[in-house]
Engineer: 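Please see the structure below; I have some questions.
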Protein chains: 2
Amino acid sequence: MTYDVGMTTETRTPLTRERVIQAAFGFADQHGVDELSMRKLGAELGVEAMSLYNHVTDKGDILDEMIDRVFLSMPPPDPRLDWKDALRQAGVGAMDAFTAHPWVINLLVSRASTRAGALAYMERILAILTHAGFSDADTHHAWQLLASHTIGYAIQQATNPGTDDSDPTAFETWLSRAGDIHPNITRLAPLIINCQFGREYEFGLEVIIDGLAGRLP
Amino acid sequence: MTYDVGMTTETRTPLTRERVIQAAFGFADQHGVDELSMRKLGAELGVEAMSLYNHVTDKGDILDEMIDRVFLSMPPPDPRLDWKDALRQAGVGAMDAFTAHPWVINLLVSRASTRAGALAYMERILAILTHAGFSDADTHHAWQLLASHTIGYAIQQATNPGTDDSDPTAFETWLSRAGDIHPNITRLAPLIINCQFGREYEFGLEVIIDGLAGRLP
DNA sequence: ACCTGAACACCGTTCAAGT
DNA sequence: ACCTGAACACCGTTCAAGT
């Protein structure tokens, strides 16, 4: 413990766009996006809500920037990999980012992202497919299929009745409702609840990659 | 035109749960869920917002009921079909319902549905797969895969830059941002914009069904 | 240039009061 | 039993005022 470490001028660290976005990102990681408000975000930064508007045009601006940073956090696949492994790496990287920041799913549904990160991710996948030899039409089909699969799993994971730790009885009430009339749900309930979405995602990815390979000239 | 047709007592039709839910459903179809508020819904029904609470426990109660009615609107597949055609029919039926009521996607992301309709849909798919001869584990894998695919496409469709008719310049601004750095996006832009999601969904469904067929004992 | 207080037009929900 | 008005604790955002 030295004298100056804790006593720097951090109480008047100037407010910047960067600090606003990072605070919002951290807040969402901790409490979810639904809880994020301009007033709370201001409080987090020791400032009134209205000050934020000096560094950010909108709440929407903040949200769009948050989405983009999740995409930017996805590592680009190793260029030496063949197309199948490149798709696996890119896909798993995307799922990992969605799992680490589940609130981004909420945002993606209501606001299409056209910022740098989302576009770079899309370009990356299109390049892999085109380079593998797919036609333009099949490259587009494959992109849509891979994107749907990835975002679909992220949603399934986020809404699984076993995932909600805030309500540990959620599963029981779910099963009691379901089981009375639905024998297949009852029988498969253990699998549904203990679903390892990471593995499920990879299972589906293999099915898709196999199906795509069959369309290669 | 008869005397009484327009002059019935509809101005004091009693408020019921059914009328509240139906008004909410219609409002969302017209303006989207984000616009739906208890106050506006009350106004729609010629009543104060607080009256709604006599027939409905919550806004969440209304939203959950709305989700469920979308699931209930999906026709059960013809039991005489083989498992592949049954999955096709169930899948397309789900996509059609999501396309007709795009707001339901927003709701599904934030609230898992455990009401009758959603459970019945799930049971239906599990029954098809089990009856086809899949193991319990593969039945579960296949359900997750099909559900992810369907909901993923619904989101892709809802957020496609060409889909937003409220802003016809959305596509141009999207392309101008994207095209500067991303050659593959630029080249494929026409395909992306004019994407026929119905056909894309079916393309992916075939890939998945083929992949699943290979795992049948 | 940046921050603030007060204000505007909204939310969902509670509760005592009316009929 | 059902509906209402006023109120509470919130929103995002604008704008004139402060420094």
Side-chain angles (χ1 to χ4, degrees), chain A residues 8-28 30-67 103-104 106-111 113 166-167, chain B residues 8-28 30-67 103-104 106-111 113 166-167:
Chain A
T8 45
T9 56
E10 80 265 352
T11 58
R12 50 186 137 107
T13 312
L15 206 55
T16 58
R17 169 170 247 267
E18 186 57 28
R19 285 189 67 220
V20 172
I21 306 287
Q22 267 174 20
F25 201 103
F27 188 97
Q30 243 184 308
H31 309 104
V33 246
D34 288 347
E35 281 297 310
L36 179 64
S37 78
M38 298 300 272
R39 283 168 161 93
K40 288 184 198 166
L41 186 53
E44 200 92 347
L45 290 159
V47 106
E48 297 299 317
M50 308 75 196
S51 307
L52 304 174
Y53 289 87
N54 285 309
H55 304 93
V56 129
T57 74
D58 240 357
K59 188 181 183 184
D61 184 18
I62 298 179
L63 299 178
D64 284 335
E65 202 68 31
M66 290 165 68
I67 294 175
W103 43 263
V104 82
N106 277 279
L107 297 181
L108 282 177
V109 177
S110 35
R111 40 185 63 240
S113 180
S166 75
D167 180 8
Chain B
T8 45
T9 57
E10 81 264 350
T11 58
R12 51 187 136 106
T13 311
L15 205 55
T16 58
R17 169 170 245 267
E18 186 57 29
R19 284 189 68 220
V20 172
I21 307 289
Q22 266 174 19
F25 200 103
F27 188 97
Q30 241 185 311
H31 309 104
V33 246
D34 289 347
E35 283 297 310
L36 179 64
S37 78
M38 297 300 271
R39 283 167 161 93
K40 288 184 198 165
L41 185 53
E44 200 92 346
L45 291 159
V47 107
E48 297 300 316
M50 307 75 193
S51 306
L52 303 174
Y53 289 86
N54 284 309
H55 304 94
V56 129
T57 74
D58 239 0
K59 190 182 183 185
D61 184 19
I62 298 178
L63 298 178
D64 284 335
E65 203 69 32
M66 289 165 68
I67 294 174
W103 44 263
V104 82
N106 277 278
L107 297 181
L108 281 178
V109 177
S110 35
R111 39 184 64 242
S113 181
S166 75
D167 179 8

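Residue numbers start from 1 in every chain, and the chains themselves are labelled A, B, ... in the order their sequence lines are given, proteins ahead of strands.
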Engineer: Using atom CD of A:Glu48 as one end and atom P of C:dT4 as the other, report the distance to the nearest whole Å.
Structural biologist: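 Atom CD in A:Glu48 sits about 5 Å away from atom P in C:dT4.
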Engineer: For C:dA9 and D:dA9, measure between their P atoms and round to the nearest Å.
Structural biologist: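 Their P atoms lie roughly 22 Å apart.
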Engineer: Using the side-chain contact (heavy atoms from CB on, under 4.5 Å) criterion, which residues pair with B:Ala49? Sequence neighbours excluded.
Structural biologist: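 B:Ala49: side-chain contact (heavy atoms from CB on, under 4.5 Å) contacts with B:Met38, B:Arg39.
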Engineer: List for me each residue that meets side chain to side chain donor-acceptor pair (under 3.5 Å) alongside B:Glu44, sequence neighbours excluded, and say none if there are none.
Structural biologist: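 Not a single residue meets the side chain to side chain donor-acceptor pair (under 3.5 Å) criterion with B:Glu44.
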Engineer: So what does the secondary structure string of DNA chain D come out as, 5' to 3', with Watson-Crick or wobble pairs under 3.5 angstrom, [ ] for crossing and | for pairs with another strand?
Structural biologist: ||.|||||...|||||.||
Engineer: Using the side-chain contact (heavy atoms from CB on, under 4.5 Å) criterion, which residues pair with B:Ser110? Sequence neighbours excluded.
Structural biologist: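 side-chain contact (heavy atoms from CB on, under 4.5 Å) list for B:Ser110, sorted by chain: A:Asn106.
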Engineer: In the 5'-to-3' direction, what one-character label does each nucleotide of nucleotides 6-19 of chain C receive under the scheme B = base within less than 4.0 Å of a protein heavy atom, S = sugar-phosphate only, - = no such atom?
Structural biologist: BB---BBBB-----
Engineer: Given C:dT4, is OP1 or OP2 found less than 4.0 Å from the side-chain N or O atoms of A:Ser51?
Structural biologist: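 Yes, because at least one side-chain N or O of A:Ser51 sits under 4.0 Å from OP1 or OP2 of C:dT4.
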Engineer: Considering only residues two or more places apart or on different chains, which pairs with a residue in residues 42-64 of chain A satisfy ring-ring contact (aromatic ring centres under 6.0 Å, His included)?
Structural biologist: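 Counting only pairs at least two positions apart or across chains, no ring-ring contact (aromatic ring centres under 6.0 Å, His included) contact touches residues 42-64 of chain A.
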Engineer: Side chain to side chain donor-acceptor pair (under 3.5 Å) with A:Glu48: which residues, sequence neighbours excluded?
Structural biologist: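 A:Glu48 satisfies side chain to side chain donor-acceptor pair (under 3.5 Å) with no residue once adjacent residues are dropped.
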Engineer: Apply side-chain contact (heavy atoms from CB on, under 4.5 Å) to A:Val56 and list each qualifying residue two or more places apart in sequence or on a separate chain.
Structural biologist: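 A:Val56 satisfies side-chain contact (heavy atoms from CB on, under 4.5 Å) with A:Arg17, A:Val20, A:Ile21, A:Asp61, A:Ile62 once adjacent residues are dropped.
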Engineer: Is there a donor-acceptor contact under 3.5 Å from the side chain of A:Arg111 to the main chain of A:Leu63?
Structural biologist: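 No; judged by distance alone, with no hydrogens or angles, the pair does not exist.
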Engineer: Side-chain N or O of B:His55 less than 4.0 angstrom from OP1 or OP2 on D:dA1?
Structural biologist: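 For D:dA1, neither OP1 nor OP2 has a side-chain N or O of B:His55 closer than 4.0 Å.
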Engineer: Just to verify, what does A:Gln30 make a side chain to side chain donor-acceptor pair (under 3.5 Å) with, not counting sequence neighbours?
Structural biologist: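 Checked A:Gln30 against side chain to side chain donor-acceptor pair (under 3.5 Å); zero matches.
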